[in-house]
Amino acid sequence: MDSYLQELSMVTREKLQTILEQMKQEIGRLLDELEHNRCCILSDFSRVSEQFANIQKVASSYYFETYLAPYTCRYPALAIAAQRLSKKRHGALIVVEREEPIESWIQEGIPIRAQLSAPLLETIFYPGNPLHDGAVVVKEDFILSAANVLPLSQKTSGHKMKIGTRHRAALGLTEKTDAFVLVVSEETGRISFALDGKLYPLTHEGMQSQMGH
């Protein structure tokens, strides 16, 4: 993973530290409740769960912006499209080319060469559209092509999330290049991204925070 992207910003670090400190206190209370055999600790578990969700939200928002902002000014359009496609359970596979060229690793699809926008992505990935079953390639602020075929990863296990064909394609390309690949699962609606041959979940709340940029 890019070394300069591994460092959390000071603001994000402080947010995460605050949430983790709150979790530490909640877990301490939980341990005390269990030690004294008190009943009804469900509300405590609920608070810890909410704090975990907050961590995911902060991290999702930070990394989504950090990995994409240097390469496309229109990354909020990707967040909007992913949210809408997820809600409709429309599968999607979106490649953002970064420093390394990807042409030699993909089977090129249909040229688009249009400005990146959420409505266009939604149209491309609408079920029944001839272009929906492949990957869209984004470079800078433009959609270069659609219906591209990506190399499939041979990894079929070892991931917490279910690995389908789109996820294997995302992994396959990111094992060979520094591309960022956004995936929306057709089966579950879950949003994730692949980078450096690994998959990471994105929360709806984290994506939502990017939509106002």
Side-chain angles (χ1 to χ4, degrees), residues 60 64 67-68 71-156 159 161-204 206-208 210-211:
S60 291
F64 185 83
Y67 293 143
L68 290 182
Y71 302 97
T72 175
C73 294
R74 300 187 66 80
Y75 65 89
L78 293 172
I80 293 170
Q83 283 273 68
R84 292 175 179 172
L85 290 164
S86 172
K87 289 177 181 178
K88 297 173 183 176
R89 298 286 179 92
H90 292 176
L93 187 60
I94 304 169
V95 177
V96 179
E97 186 173 329
R98 302 202 303 159
E99 298 291 343
E100 300 174 1
I102 64 172
E103 287 84 357
S104 61
W105 296 107
I106 68 173
Q107 182 179 327
E108 292 189 18
I110 307 300
I112 301 293
R113 296 188 178 90
Q115 189 174 62
L116 172 61
S117 71
L120 181 53
L121 288 171
E122 291 177 77
T123 299
I124 290 171
F125 289 111
Y126 187 84
N129 187 321
L131 303 179
H132 93 286
D133 213 19
V136 157
V137 171
V138 171
K139 185 171 184 179
E140 296 177 350
D141 297 337
F142 295 90
I143 296 175
L144 296 186
S145 57
N148 298 280
V149 178
L150 309 185
L152 296 181
S153 173
Q154 297 307 306
K155 294 179 182 178
T156 57
H159 292 279
M161 60 187 75
K162 185 178 179 181
I163 301 296
T165 303
R166 285 189 178 90
H167 295 92
R168 288 182 61 202
L171 288 170
L173 184 63
T174 60
E175 287 168 355
K176 302 177 185 302
T177 73
D178 71 342
F180 176 105
V181 184
L182 188 63
V183 187
V184 179
S185 171
E186 189 172 9
E187 294 183 7
T188 65
R190 289 177 182 170
I191 306 169
S192 56
F193 72 88
L195 193 68
D196 290 340
K198 295 181 181 178
L199 276 173
Y200 303 90
L202 285 167
T203 67
H204 279 268
M207 299 291 282
Q208 185 75 30
Q210 296 299 327
M211 293 167 64

What distance separates F180 CZ from R98 CZ, expressed to the nearest 0.5 Å?
8.5 Å
Check: L182 and V96 side chains under 4.5 Å, non-hydrogen atoms
no
I'd like to check the side-chain contact (heavy atoms from CB on, under 4.5 Å) partners of S185; sequence neighbours left out, ordered by chain and number.
H167, E187, T188
For the atom pair CD (Q154) and CG (L152), what is the distance rounded to the nearest 0.5 Å?
7.5 Å
Does the pair E100/K176 count as a salt bridge with the N-to-O cut at 4.0 Å?
no
Hey, does L121 have a side-chain heavy atom less than 4.5 Å from the side chain of L78?
yes
Hey, do the aromatic rings of Y126 and H90 have their centres closer than 6.0 Å?
yes
Value for CD1 (I124) from CD1 (I110), rounded to nearest 0.5 Å, stands at 11.0 Å
Does atom CD (Q107) have a neighbourhood of more than 12 heavy atoms from anything else shown, all under 6.0 Å?
no
Rounded to the nearest 0.5 Å, what separates atom CG in L199 from atom CZ in R168?
12.0 Å
Using the salt bridge (Lys or Arg N to Asp or Glu O under 4.0 Å) rule, take R74 and E140 through it: C-alpha gap first, then chi angles, then the decisive distance, then the call.
CA-CA 8 Å; R74 300 187 66 80; E140 296 177 350; over 6 Å; no
Output the distance between atom CD1 (I191) and atom OG (S86), rounded to the nearest 0.5 Å.
4.0 Å
Within the 4.5 Å heavy-atom criterion, are R166 and E186 side-chain neighbours or not?
yes
Can you list the steps and then say if S153 with E175 is a side-chain hydrogen bond (donor to acceptor under 3.5 Å, both in side chains)?
CA-CA 8 Å; S153 173; E175 287 168 355; 2.7 Å; yes
Residues at least two apart in sequence or cross-chain that pass side-chain hydrogen bond (donor to acceptor under 3.5 Å, both in side chains) with D141, listed by chain then number, are T72
Going from CG on N148 to CD1 on I112, what distance comes out if it is rounded to the nearest 0.5 angstrom?
9.0 Å
